[in-house]
Amino acid sequence: GSLAISLLVAFFVPLFLGVAGSFEDTVKYAQYVTPWGWKYFLLEPLGGKFFGGLAVMFGFSAIFLYLGHRHFTRRDL
């Protein structure tokens, strides 16, 4: 149950933001709340965009690592 819901959310949120971003320019900025909005910055040649995207990806990794650690240390496994 919860795995299927998580997979559906993980699939449909970026899909929705990508499709809606192609129709409405203001929705494109909502993509930068998720890591999927920053993925193309990693394909740029070395420069400000590349290192900015790299820093954002490290930031998202640190946030998710902290949230996972906080969640699983509170549980009795």
Side-chain angles (χ1 to χ4, degrees):
S2 63
L3 177 62
I5 292 170
S6 299
L7 290 174
L8 287 174
V9 168
F11 177 74
F12 282 112
V13 167
L15 180 68
F16 172 75
L17 288 175
V19 170
S22 65
F23 293 122
E24 184 64 37
D25 288 336
T26 57
V27 178
K28 279 199 282 192
Y29 297 112
Q31 293 178 353
Y32 294 114
V33 176
T34 66
W36 294 283
W38 297 92
K39 65 183 175 187
Y40 295 117
F41 282 49
L42 299 175
L43 298 176
E44 295 287 328
L46 289 179
K49 282 181 106 174
F50 174 76
F51 288 115
L54 199 61
V56 168
M57 291 300 176
F58 281 132
F60 275 115
S61 297
I63 288 170
F64 292 138
L65 183 66
Y66 168 73
L67 291 174
H69 182 307
R70 190 183 73 171
H71 176 75
F72 286 113
T73 55
R74 290 183 181 176
R75 296 187 60 172
D76 293 332
L77 296 178

Peer 1: Quick one: do F72 and L3 end up in the same hydrophobic cluster if we chain Ile, Leu, Val, Met, Phe, Trp and Tyr together by side-chain heavy atoms under 4.5 Å apart?
Peer 2: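 Shared cluster, no.
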Peer 1: Can you sort out the partners of A20 under side chain to side chain contact (heavy atoms under 4.5 Å, CB included), two or more places apart, ordered by chain and number?
Peer 2: F16, V27
Peer 1: Got V56 and F60 here, is their nearest side-chain heavy-atom distance under 4.5 Å?
Peer 2: yes
Peer 1: Would you give the length of the straight line joining atom CZ of F64 to atom NE2 of H71, rounded to the nearest 0.5 angstrom?
Peer 2: 14.5 Å
Peer 1: Kindly write out the residues that satisfy side chain to side chain contact (heavy atoms under 4.5 Å, CB included) with Y40, not counting sequence neighbours, or none if the list is empty.
Peer 2: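 For Y40 the side chain to side chain contact (heavy atoms under 4.5 Å, CB included) partners, ignoring immediate neighbours, are L43.
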Peer 1: Side chain to side chain contact (heavy atoms under 4.5 Å, CB included) with L54: which residues, sequence neighbours excluded?
Peer 2: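 For L54 the side chain to side chain contact (heavy atoms under 4.5 Å, CB included) partners, ignoring immediate neighbours, are L42, F50, F51, F58.
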Peer 1: Are L7 and V13 linked, directly or through intermediate hydrophobic residues, by side-chain heavy-atom contacts shorter than 4.5 Å (ILVMFWY only)?
Peer 2: no
